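Read the structure below first, then the notes.
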Amino acid sequence: MDLPRPVRLFDCAPAPNPRRVTIFMSEKGINLPVEQVDIMAGAQFGAHRERVGVHHLPALELEDGRFLTESTAICRYLEALWPEPNLMGEDPLEAAEIEMWSRRVEFGLLLSAAAVLRHGNPKMAVMEDQVPAWAEANRPRVLAGLDRLDARLGVSAYIAGERYTMADITALVAVDFLRAARVAVPERLVRLLAWRRELAARRALAA
Ligand SMILES: N[C@@H](CCC(=O)N[C@@H](CS)C(=O)NCC(=O)O)C(=O)O
């Protein structure tokens, strides 16, 4: 199949969703021109939104002029073009399990962490109509999400099973993002902390 090649990634290095894509690319050894969009300065609401159609990052520009957004959709396309190493599933069942875990982490941790930061830090007013009570409501949800990840790592070595996949990338980005939200991972979550230490040895995570 003759698929349009990606020509450029629009990124915002400190932000979690773009980081999922840059780690994914790094794991696969994909090198593309990367353009930074400074969301803290509101740059996503200018030329970026006009070009892409939505203001979110990441966005992948294709050679035919189309743009893909949504980190998972971008990664799925990249995986089709660069199948190795496989990160999104070798067969339909594994693909479904990886997506299931990745979505659980997105909805059960990453979104709550984002709410703590976006609604709780006055600097984030550039991109959010802030409701500080929503930040507070999400703090216990973040801790519950971390508990669930720690429990999961008592069942399998990695988030979606016995190998490193996209679900680990989503979880790692969510856990690291807690630093920006000023939430510490409780020390009692020893399996989660050991998993994070193990992933630190991966070359792609220097990205
Ligand atoms: N579901 C989207 C979320 C994209 C998203 O919310 N990106 C954030 C950065 S992590 C963003 O663009 N924020 C800018 C804003 O909200 O104005 C994805 O997976 O890519």
Side-chain angles (χ1 to χ4, degrees), residues 9-26 34-46 48-49 52-60 67-76 98-153 159-160 165-186 189 192-193 195-196 199 205 207:
L9 179 76
F10 290 89
D11 182 22
C12 174
N17 283 301
R19 188 167 177 235
R20 291 161 77 190
V21 173
T22 53
I23 292 174
F24 190 89
M25 285 172 47
S26 184
V34 174
E35 193 164 311
Q36 297 294 327
V37 178
D38 183 356
I39 62 176
M40 292 306 290
Q44 70 274 36
F45 301 115
H48 179 72
R49 178 163 56 188
V52 175
V54 296
H55 66 270
H56 289 130
L57 279 302
L60 186 71
F67 287 89
L68 292 176
T69 61
E70 294 298 324
S71 341
T72 306
I74 292 172
C75 290
R76 192 165 294 292
I98 292 167
E99 181 155 347
M100 173 181 83
W101 278 104
S102 197
R103 299 289 281 174
R104 284 181 179 176
V105 175
E106 267 180 52
F107 286 101
L109 181 62
L110 185 54
L111 276 182
S112 295
V116 171
L117 177 68
R118 291 173 69 115
H119 289 272
N121 181 335
K123 287 191 188 143
M124 300 301 286
V126 63
M127 61 187 91
E128 197 63 76
D129 293 328
Q130 294 185 306
V131 181
W134 186 232
E136 290 317 306
N138 274 279
R139 281 183 193 279
R141 295 180 183 200
V142 167
L143 294 172
L146 292 172
D147 278 341
R148 282 193 297 272
L149 283 187
D150 187 72
R152 171 62 182 167
L153 291 167
I159 300 296
T165 66
M166 179 71 193
D168 295 282
I169 296 176
T170 304
L172 171 121
V173 160
V175 167
D176 286 4
F177 185 52
L178 295 178
R179 217 173 303 138
R182 297 185 194 283
V183 178
V185 177
L189 302 183
L192 183 62
L193 290 166
W195 163 89
R196 180 62 188 91
L199 296 195
L205 293 181

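Along the sequence shown, residues carry numbers from 1. A quick note: this is a predicted structure, and the numbers were derived from the prediction, not measured.
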Can you name the residues that form a side chain to side chain contact (heavy atoms under 4.5 Å, CB included) with [X], not counting sequence neighbours?
| X | answer |
| --- | --- |
| Ala13 | Asp11, Gln36 |
| Ala59 | Phe10, His48, Val52, Thr69 |
| Leu143 | Leu146, Val183, Pro186 |
| Phe107 | Arg103, Leu111 |

Side chain proximity check, Arg20 to Ser102, heavy atoms < 4.5 angstrom: yes

Asn17 vs Leu110 side-chain heavy atoms within contact, under 4.5 Å: yes

Shortest non-hydrogen contact from [X] to [Y]?
| X | Y | answer |
| --- | --- | --- |
| Leu172 | Trp195 | N-CH2, 3.4 Å |
| Leu149 | Ala171 | CD1-CB, 4.1 Å |
| Gln44 | Ile39 | OE1-CA, 3.1 Å |
| Pro58 | Val21 | CG-CG2, 3.7 Å |
| Ala174 | Leu109 | CB-CD2, 3.7 Å |

Ring pair (Phe, Tyr, Trp, His ring centres under 6.0 Å) involving Phe45 - partner list, sequence neighbours excluded: His55

With sequence neighbours left out, what residues match Phe177 under ring pair (Phe, Tyr, Trp, His ring centres under 6.0 Å)? none

Please tabulate, for side-chain N and O atoms in residues 120-132, each donor-acceptor pair with protein atoms closer than 3.5 Å (sequence neighbours left out).
from	atom 1	to	atom 2	distance (Å)
Asn121	OD1	Lys123	N	2.8
Glu128	OE1	Arg118	NE	2.6
Glu128	OE1	Arg118	NH2	3.2
Gln130	NE2	Arg118	O	2.6
Gln130	NE2	Asn121	O	2.7

With Arg76 via salt bridge (Lys or Arg N to Asp or Glu O under 4.0 Å) - residues at least two apart: Glu99

In short, salt bridge (Lys or Arg N to Asp or Glu O under 4.0 Å) pairs touching residues 133-143 with sequence neighbours left out are Glu136-Arg139

Can you list every salt bridge (Lys or Arg N to Asp or Glu O under 4.0 Å) pair that touches residues 171-180, not counting sequence neighbours? Arg19-Asp176, Asp176-Arg196

Partners passing side-chain hydrogen bond (donor to acceptor under 3.5 Å, both in side chains) against Trp101 (at least two apart in sequence or in another chain): none

Nearest 0.5 Å please: distance from the [atom1] atom of [X] over to the [atom2] atom of [Y].
| X | Y | atom1 | atom2 | result |
| --- | --- | --- | --- | --- |
| Ile159 | Ile169 | CD1 | CD1 | 12.0 Å |
| Asp147 | Leu192 | CG | CG | 9.5 Å |
| Arg104 | Arg148 | CZ | CZ | 9.5 Å |

Within the side chain of Asp38, is there an N or O that forms a donor-acceptor pair under 3.5 Å with the backbone of Ala43? no

Contact list for residues 107-116, test side chain to side chain donor-acceptor pair (under 3.5 Å), sequence neighbours left out: Ser112-Asn138

